[in-house]
Amino acid sequence: MVTAEANENVTVRLEDDTTLTLDFGSTVSDLLGQADKKLIRSVIAAEVNGDEKDLSYVLKNGDKVKLIEAASERGRHILRHSTAHVMAQAVTSLWPGAYFAIGPAIEDGFYYDFSLPDGKHFTEADIEKIEEAMRKIIAEKQPFTREEHEIDAALHLFGAQPFKTEIIENIAVADASKGEFSAEASPESLTVTAYRNSDAFVDLCRGPHVPHTGALGHFKLLKVAGAYWRGDEKRQQLQRIYGTAFESDKMLAEHINRLAEAERRDHRKLGLELDLFSFPDEIGSGLAVFHPKGGLIRKTMEDYSRMRHEEEGYQFVYSPHITKGDLFEISGHLNWFGENIFPPMEIDGETKYYLKPMNCPFHILIFRSKQRSYRELPLKLFEFGTVYRYEKSGVVHGLTRVRGMTQDDSHIFCTREQMTEELKSILTFVLDLLREFGLSDFYLELSTRPEAKAVGSDLEWEEATKALHDTAEAMDIPLVLDEGGGAFYGPKISVQAKDAIGRTWQMSTVQLDFQLPQRFDLSYVGSDNAKHRPVMIHRALFGTVERFFGVLLEHYAGALPTWLAPVQVKILPIRDTHESYCQRVKQLLAEEGIRVDYVQAKEPLSARIRQAKLEKTPYVLAVGDEDVAGGTVGVNLRGAKDPIRAVPLESFIAKIKEDIRGHWINPTQGFVTEDSVDVQKQGTTPEARDNHSDL
RNA sequence: GCCGGUGUGGCGCAGUUGGUAGCGCAGGCGAUUUGUAAUCGUCAGGUCGUGGGUUCGAGUCCCUCCACCGGCUCCA
């Protein structure tokens, strides 16, 4: 193969540092054939000198080539993006004249935004039709052919596509002014690239793509949704179709399975099934009531939180739910946060009272109620403060996005010198508390000054942001930046926790505030006998009790750790004749503060076992003749396959107390049985579940 | 708020081209006394989200509002 002419060969270097010499004009595909025949099937693109390229890319001498297999994160990304193209092609074939906007790959899938002609809209039912058309395109193995066009030519080519035209025009403008490139622009010159599958379909795109549509096929369209053009709610509303694609049917099936699993652990569903809370229509959207069992869980959470706050030196305060508008005028909330405040009630004709959207002004008034000394600082005021926020109708979502919520809110008044130390201790406190509730997968987010709405000087914002940043960085968990996401009065650190569906929820927030102390003219007397301005730190650890409750439910799939479970033990007699012994067991457990139910033998044992397990009771005790005789109980651990018979009562009590005290994630944790090991491996622990949902 | 979808007894669902509602589970009662994921029988329960319209007649068709679901925008 090697010719005498050196300049007719190209030598490229592969990832493993081996080199390969190929004929001049060879493509990545040719390279595959020479390197390893198996790669022809598995590799769909390549990274050449750091840039992603198609397999049709013509290699140059000295190119460094990294192969991208379909079965990799980057490979799937390309697969999904190519599948999005095919979807757009299918849609334009089914709805001639359809406009297509953008269609990127996203985590776990892809989408494409469309606008159909004549005011038509997609329906869920159209998904199947589109999938069918896509399968036809895939069966035809249409090549993805790369084309380069100068701006004018591209504008002509996409003349019938207003969204594409806008993108191209933006590229031209950006190029002219700054030399910046958008995703579709070629860095070499003022050209754009497009990919053509057939005469009927060409799409503006930077690539790379799979070589032909036949390399696709393991996909599924998931849902139709609305989306604004360029994410701007003032612009045109488009229709978005979401889908996903994988390198194999097996991987696709696993993903679909994960989605179903996520649905099973949806806190709204669990809340109904386990009788924990509801949202009666009569009350209004986003306003929850907690039923006895949910109330018990909530109370346990709150009691624990109170205990921990006491240990941390917080003082408990209470404040009303409504206030005259003046308070929120001074604080600036009416101005900056007004659209989230419920309309006022008018009293005596003119005085306006508002439902409070935040607790801070109330705590400020408590601080200001008397002359404060530096000796009192840091002053840490805590309250489970219920606030009401007007949320747009479309955003309300179970317990995680509500209109009435209770924050585990605290405001810390301290000196500027104490600020850093306080921030550090708060962050440690937050992370400890979250871990005590069994959450472990989180990261920190630093939200900086909002561009449009913020009060205070640049200097103050800078100092506050730096203090938060330095503290966050010292915490040894990932920190990401959220530019412009702060509150109007200060920057914030939030703790983001991942839920079962893989969504991250903003839970705890810590905000540093120089503004409200000024607005309310707060002061303390220092050791120098002069007045000084305190700094305020706003913080909520759960975030809100409601959201935290919902996230915990999903995290545990309803199988709450024993210490949080509304019913911790169910005692089932085999026959009625075992009742008196069972009642004694019940009393002994209750005396230990354990929440225990007795279930009469009105139904077969297996029916009662089933019921108890459906309710996700951590410990189900079956008690029969041998137990009465031996002073034992038969223990069914939640999550274990088989019961443990004849456990001495004292040893059971010791174990469950240990469980509750230790906040075990699962009751099987401390019982050394043959299955308990299996159970942990099977993914009943939150750790295992998280791994499951991360993909 | 916007786009699309949905709304039938506590829950999950059926209800054919418009002819005045069914099933399973749960619940009440009775029987069954059961060693590990559903014992049997029986009874009760719905002005079909709301208000209006079309029609001789509407759960079924049209409109309004409300709520929920999936997203977008926004957020604890």
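Naming: A, B, ... by sequence-line order, numbering from 1 per chain.
Here D627(A) lies in heavy-atom contact (under 4.0 Å) with a base. Among the heavy atoms of the strands, none lies under 4.0 Å from Y111(A). In this structure, V387(A) reaches neither bases nor backbone, as no heavy-atom distance under 4.0 Å exists between it and the strands shown. If you check every strand for non-hydrogen atoms under 4.0 Å, E391(A) touches a base. No engagement by G550(A) is indicated, since no non-hydrogen atom pair under 4.0 Å with the nucleic acid exists. Among the heavy atoms of the strands lying under 4.0 Å from R240(A) are primed sugar atoms or P, OP1, OP2 only; no base atom is included. Residue A540(A) is out of contact with every strand shown, counting any heavy-atom pair closer than 4.0 Å. Residue contacts for D232(A): at a heavy-atom cut-off of 4.0 Å it reaches no nucleic acid atom on any strand shown. Within 4.0 Å (heavy atoms only), F114(A) reaches no atom of the nucleic acid at all. Within the 4.0 angstrom heavy-atom criterion, only backbone atoms of the sugar-phosphate kind lie near A227(A); the bases stay farther away. Q407(A) comes within 4.0 angstrom of nothing in the nucleic acid, heavy atoms only. Within the 4.0 angstrom heavy-atom criterion, base atoms lie near K613(A). Heavy atoms of E603(A) sit under 4.0 angstrom from at least one base atom. Residue K602(A) is in base contact, counting any heavy-atom pair closer than 4.0 Å across all strands shown.
Taking side-chain N and O atoms only, K492(A) has a distance below 4.0 Å to OP1 or OP2 of rA76(B). The shortest distance between the side-chain N/O atoms of R268(A) and the OP1/OP2 oxygens of rG70(B) is below 4.0 Å. Between H397(A) and rG71(B) there is no side-chain N or O to OP1 or OP2 distance below 4.0 Å. For the OP1/OP2 pair of rA76(B) and a distance below 4.0 Å, the side-chain nitrogens and oxygens of Q506(A) include at least one atom meeting the criterion. Look at Y242(A) and you'll find a side-chain N or O under 4.0 angstrom from OP1 or OP2 of rC72(B). Taking side-chain N and O atoms only, K392(A) has no distance below 4.0 Å to OP1 or OP2 of rC74(B).
Counting to the nearest Å, the P atom of rG71(B) and the CG atom of L222(A) are 10 Å from each other.
A heavy atom closer than 4.0 Å to some atom of RNA chain B occurs in L272(A), D281(A), S285(A), these being the qualifying members of residues 271-285 of chain A.
Base pairing analysis places rA44(B) opposite nothing; no Watson-Crick or G-U wobble pair with both distances below 3.5 Å involves it.
Using cut-offs of 30° and 60° on the angle between ring planes, the pair Y112(A) and F114(A) is parallel. Relative ring orientation between W95(A) and F122(A) is described as perpendicular, the plane-to-plane angle rising above 60° on a 0-90° scale split at 30° and 60°. Ring planes of F342(A) and Y390(A): perpendicular class, angle over 60° (limits at 30 and 60°). Between F290(A) and F277(A), the ring planes lie tilted relative to each other; the angle falls in the 30° to 60° range.
For Y228(A), counting side-chain heavy atoms from C-beta on, the closest listed nucleotide (rC75(B), rG1(B), rA38(B)) is rG1(B). Picking from rA38(B), rU33(B), rG4(B) the nucleotide with the shortest atom distance to the side chain of S606(A) gives rA38(B). Looking at the side chain of I609(A), the nearest of the listed nucleotides rA37(B), rG35(B), rG71(B) is rA37(B). With rA76(B), rU36(B), rC3(B) as the choices, the nucleotide that has an atom nearest any side-chain atom of H121(A) turns out to be rC3(B). The side chain of A607(A) lies closest to rA38(B), out of rA38(B), rU36(B), rG70(B). Counting only heavy atoms from C-beta on, E233(A) has its side chain closest to rU73(B) among rU73(B), rU36(B), rG70(B). For S393(A), the listed nucleotide lying nearest its side chain is rG1(B); candidates were rG1(B), rC72(B), rC68(B). The side chain of L605(A) lies closest to rG35(B) when the candidates are rA76(B), rC72(B), rG35(B). Side-chain proximity of D266(A) to rC74(B), rA38(B), rG70(B): nearest is rG70(B).
Across the P atoms, rC63(B) and rG27(B) are found 41 Å apart, a figure rounded to whole Å. Of the P atoms belonging to rC61(B) and rU50(B), the separation is 16 Å, rounded to the nearest Å. Separation of the P atoms belonging to rG53(B) and rA14(B) is 30 Å when rounded to the nearest angstrom. Distance noted for atom C1' between rC68(B) and rC29(B): 36 Å (whole Å). rG24(B) and rG15(B) are spaced 15 Å apart, taking the C1' atom of each and rounding to whole Å. For the C1' atom pair drawn from rG28(B) and rC65(B), the interatomic distance equals 38 Å after rounding to whole Å.
Residue Y99(A) places its OH atom among 12 or fewer non-hydrogen atoms of other residues, nucleotides or ligands, all under 6.0 Å distant. Atom CD of E626(A) is surrounded by more than 12 heavy atoms from other residues, nucleotides or ligands within 6.0 Å.
In terms of modelled atom types and a separation under 3.5 Å, the side chain of H578(A) and the main chain of R575(A) share a donor-acceptor contact.
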Start with the C-alpha gap between W229(A) and Q237(A), add the side-chain angles, then the distance that decides, and say whether side chain to side chain donor-acceptor pair (under 3.5 Å) holds.
-> CA-CA 6 Å; W229(A) 169 232; Q237(A) 174 113 37; over 6 Å; no

Run the numbers on E233(A) and K392(A) for salt bridge (Lys or Arg N to Asp or Glu O under 4.0 Å), then give the verdict.
-> CA-CA 13 Å; E233(A) 66 177 321; K392(A) 290 184 194 168; 3.5 Å; yes

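Residues N340(A) and E391(A) approach most closely at OD1-OE1, 4.1 Å, considering heavy atoms.
Across the interface with RNA chain B, nearest-nucleotide mapping of L238(A) and G231(A) shows L238(A) to be the residue nearer the 5′ end. The nearest heavy atom of RNA chain B to Q600(A) and to E546(A) marks one nucleotide each, and the one closer to the 5' end goes with Q600(A).
In this structure the side chain of R265(A) never reaches within 4.5 angstrom of the side chain of Y556(A), judged on heavy atoms.
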